[in-house]
Amino acid sequence: MTPITIIGGGLAALSTAWASVRNGHTVDIFWMARKGAGTNAAAGMLSPFAEADTAEPPLIELALKSCAAYPDWINGIEQASGISCEYRTSGTILAALSRDHMADLHRLAQFHHRFGLKTQWLSRKELFDHEPNIASRQVGGIWAKNDHSVNPRQLQSALFRALEKEINVTITEAQNIHIVTKGQKVENVLIKVNNQQLIHKTSQVVLCDGSWKNCAADLLNPLPLRPVKGQYVIVQGSELVFHTMRSPDIYMVPRRDGQVYIGASMEEEGFKSQPSAGAQLDLLYHSWQLFRGVYELDVIEHGFGFRPALRDHQPAIGPSPIEGLFLNTGHFRHGVMLAPLAAELCVQFLHEPAMESPFSPLRFWS
């Protein structure tokens, strides 16, 4: 079995490890607890249709294949771990609050048709049939009944548990990680664990550390990776929302026990970790515009996460110019949705580094 070293503890890293084990590799995972890690803050929408007008065709195609793979993928992880990932199949509704919003949805529907995305128009009455608690000002919407959702935190826990049970996997939480090269080749990884410096010999490393690339900063300077901050709110109470809901300003994802995830802001301010009152106010106000009952719910959490974004907003999956150093990062807003197929694509690159792909990181070094 070929040994693979994976750096990161989020969904990109763990799904890559899961795919690697399924393809016959032994895996060593080294990860660091990160404040603002993307997985912990993600909504978990599996919705390739919602942003079809802003994504490149290869990314939409990858998203569609990934969403199609999700049911079997989730089932295998849940069976191996014994942990529910809260996989929901109720679909996504884009609600229009005005006639102008309906015009925007008509434009979006043209992109749906182009890519074969199956959606259904909802009249005002049909919208209320689907979501009886929605505010009365809505004028209609679009229902993507094939859209699903998952709880990223549950999925992360399930992947950790499933990988812990694999005899060919080791998982180590580190205080510091640094990739060492020699002659443009990966030589080893320096890891600080319990205040002790350790040398981990390896020839193949997959870096999946979200917005952070400091463990290989000197090697990846041309990679235009940046954090895009997103703030969210989680509320809880009597069941209010039955589908993933989107408006032009907000999205709301129902979870178990009456919880609803409300997200998310888009802030270009680096790794600034302080939540802002304005973003929290916007999230609650716009969710109240969709569901007046939000006013009565308890706020049980508000926080933020850093989305790993590249200049072209396409992921970086595959080899770097350093022999033996591979990447699976830059998923921006789509990390949860792309997890199964991005992992499989990354493992394919381990076997065929010269394989062509629009997501190859080498596009930034050409």
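Nothing fancy with the numbering, it's 1 onward along the sequence.
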| field | Spatial distance of atom CZ (F160) from atom OG (S81) [nearest 0.5 Å] | value | 13.0 Å
| query | What's the shortest heavy-atom distance between P254 and V241, and which atoms? | reply | CB-O, 3.4 Å
| message | Show, in sequence, the C-alpha distance, side-chain angles and deciding distance for W143 and H130, and conclude whether the side-chain contact (heavy atoms from CB on, under 4.5 Å) test is met. | response | CA-CA 9 Å; W143 180 33; H130 282 77; 3.4 Å; yes
| said: Treating R363 as the side-chain partner and S360 as the backbone partner, does any N or O pair qualify as donor plus acceptor under 3.5 Å? | reply: yes
| request: For residues L105 and G141, report the shortest heavy-atom separation together with the two atoms involved. | output: CD1-CA, 3.9 Å
| remark: Here the gap from M266 atom CE to Q231 atom CD, rounded to the nearest 0.5 Å, amounts to 13.0 Å
| message | A side-chain contact here means heavy atoms from C-beta on lying under 4.5 Å apart; do S20 and I6 qualify? | response | yes
| query | If only atom types and distance count, is the side chain of K229 paired as donor or acceptor with the main-chain N or O of E269 below 3.5 Å? | reply | no
| query | To the nearest 0.5 Å, how far apart are CD in Q280 and NE2 in H302? | reply | 5.5 Å
| query | Between L350 and I317, is there a shared hydrophobic cluster once you connect ILVMFWY residues whose side-chain heavy atoms come closer than 4.5 Å? | reply | yes
| query | Is the closest side-chain heavy-atom distance between V186 and F326 below 4.5 Å? | reply | no
| request: Go through V253 and M45 one step at a time and tell me if the side-chain contact (heavy atoms from CB on, under 4.5 Å) criterion holds. | output: CA-CA 8 Å; V253 185; M45 295 180 293; 3.6 Å; yes
| Backbone of L325 reached by a side-chain donor or acceptor of S320 within 3.5 Å | yes
| Which heavy atom in L223 sits nearest to a heavy atom in K213, and how many Å separate them? | O-NZ, 2.7 Å
| query | Would a distance-only check, ignoring hydrogens and angles, find a side-chain to backbone donor-acceptor pair under 3.5 Å from K145 to Q120? | reply | no
| task | Go through the steps for I250 and M245 under the test side-chain contact (heavy atoms from CB on, under 4.5 Å), then give the verdict. | result | CA-CA 8 Å; I250 204 77; M245 297 296 303; over 6 Å; no
| note | Partner of D28 under side chain to side chain donor-acceptor pair (under 3.5 Å), picked from T170, T172, T5, is T170
| field | Test: R255 and E301 ion pair at under 4.0 Å | value | no
| said: In this structure, would Y251 and V150 fall into the same cluster of hydrophobic residues linked by side-chain contacts under 4.5 Å? | reply: no
| said: With a sphere of 6.0 Å drawn around NZ of K182, does it hold more than 12 non-hydrogen atoms of other residues, nucleotides or ligands? | reply: no
| query | Do L290 and L97 come close enough that some side-chain heavy atom pair is under 4.5 Å? | reply | yes
| task | Could you tell me whether the side chain of C67 reaches within less than 4.5 Å of the side chain of M337, counting heavy atoms only? | result | yes
| query | Is there a chain of hydrophobic side chains (I, L, V, M, F, W, Y, each step under 4.5 Å between heavy atoms) that links I300 to Y232? | reply | yes
| If every non-hydrogen atom of P48 is compared with every non-hydrogen atom of D147, which pair is closest and at what distance? | CD-OD1, 3.8 Å
| field | Heavy-atom pair of closest approach, residues W73 and A339 | value | CH2-CB, 4.0 Å
| task | Could you grab the distance from atom CD1 of I191 to atom CD of Q197, nearest 0.5 Å is fine? | result | 8.5 Å
| query | Any link between Y70 and I77 through a network of hydrophobic side chains (Ile, Leu, Val, Met, Phe, Trp, Tyr) touching at under 4.5 Å? | reply | yes
| said: Is it true that, when you exclude F128 itself, more than 12 heavy atoms of the residues, nucleotides or ligands shown sit nearer than 6.0 Å to its CZ? | reply: yes
| Should L310 and L345 be regarded as members of a common hydrophobic cluster, given that ILVMFWY residues are connected when their side-chain heavy atoms come within less than 4.5 Å of each other, either directly or indirectly? | no
| said: Quick check: do D209 and R34 have side-chain heavy atoms less than 4.5 Å from each other? | reply: yes
| request: Taking the side chain as every heavy atom from C-beta outward, state whether L362 and P319 have any pair of such atoms under 4.5 Å apart. | output: yes
| field | Results of salt bridge (charged side-chain N to carboxylate O under 4.0 Å, His left out) for D218 - residues two or more places apart only | value | none
| query | What closest approach, in Å, do G91 and H243 show between heavy atoms, and which atom pair accounts for it? | reply | O-CB, 3.6 Å
| task | Could you tell me whether a side-chain N or O of Q175 sits under 3.5 Å from a main-chain N or O of N195, the two making a donor and an acceptor? | result | yes
| salt bridge (Lys or Arg N to Asp or Glu O under 4.0 Å) partners of residues 6-22, not counting sequence neighbours, each pair once | R22-E166
| Does any non-hydrogen side-chain atom of R246 lie less than 4.5 Å from one of T92? | yes
| Salt bridge or not for D129 and K125, using N-O below 4.0 Å? | yes
| said: Set out, in order, the CA-CA distance, both residues' side-chain angles and the distance that settles side-chain contact (heavy atoms from CB on, under 4.5 Å) for W121 and I142, then state yes or no. | reply: CA-CA 5 Å; W121 284 101; I142 293 178; 3.7 Å; yes
| query | Do L14 and W18 have side-chain heavy atoms sitting under 4.5 Å apart? | reply | no
| query | Regarding R292 and the six-membered ring of W288, is the cationic atom NZ or CZ under 6.0 Å from the ring centre and inside 45° of its axis? | reply | yes
| task | Would you please classify the geometry between the F271 ring and the F306 ring as parallel, tilted or perpendicular, with 30° and 60° separating the classes? | result | perpendicular
| field | Exceeds 12 heavy-atom contacts within 6.0 angstrom, atom CD1 of I199 | value | no
| request: Could you tell me whether a side-chain N or O of E344 sits under 3.5 Å from a main-chain N or O of A19, the two making a donor and an acceptor? | output: no
| Between T202 (side chain) and N188 (backbone), is there a donor-acceptor pair under 3.5 Å? | no
| With no hydrogens and no angle check, is any side-chain donor or acceptor of N194 less than 3.5 Å from a backbone partner on Q196? | no
| field | Donor-acceptor pair, side chain of N133 and main chain of L240, under 3.5 angstrom | value | yes
| field | Test item: Q236 side-chain N/O and D257 main-chain N/O as donor-acceptor pair under 3.5 Å | value | yes
| message | Using 0.5 Å steps for rounding, measure from the CZ atom of R124 to the CD1 atom of I134. | response | 10.0 Å
| query | What do you reckon, are the aromatic ring centroids of F30 and H200 less than 6.0 Å apart? | reply | yes
| task | Take atom CD of E356 as the centre, draw a 6.0 Å sphere, and report whether it contains more than 12 heavy atoms from other residues, nucleotides or ligands. | result | no
| task | Say whether Q184 and E323, considering side chains only, have a donor N or O and an acceptor N or O under 3.5 Å apart. | result | no
| field | Point-to-point distance, once rounded to the nearest 0.5 Å, from CD1 of I83 to CD of Q156 | value | 10.5 Å
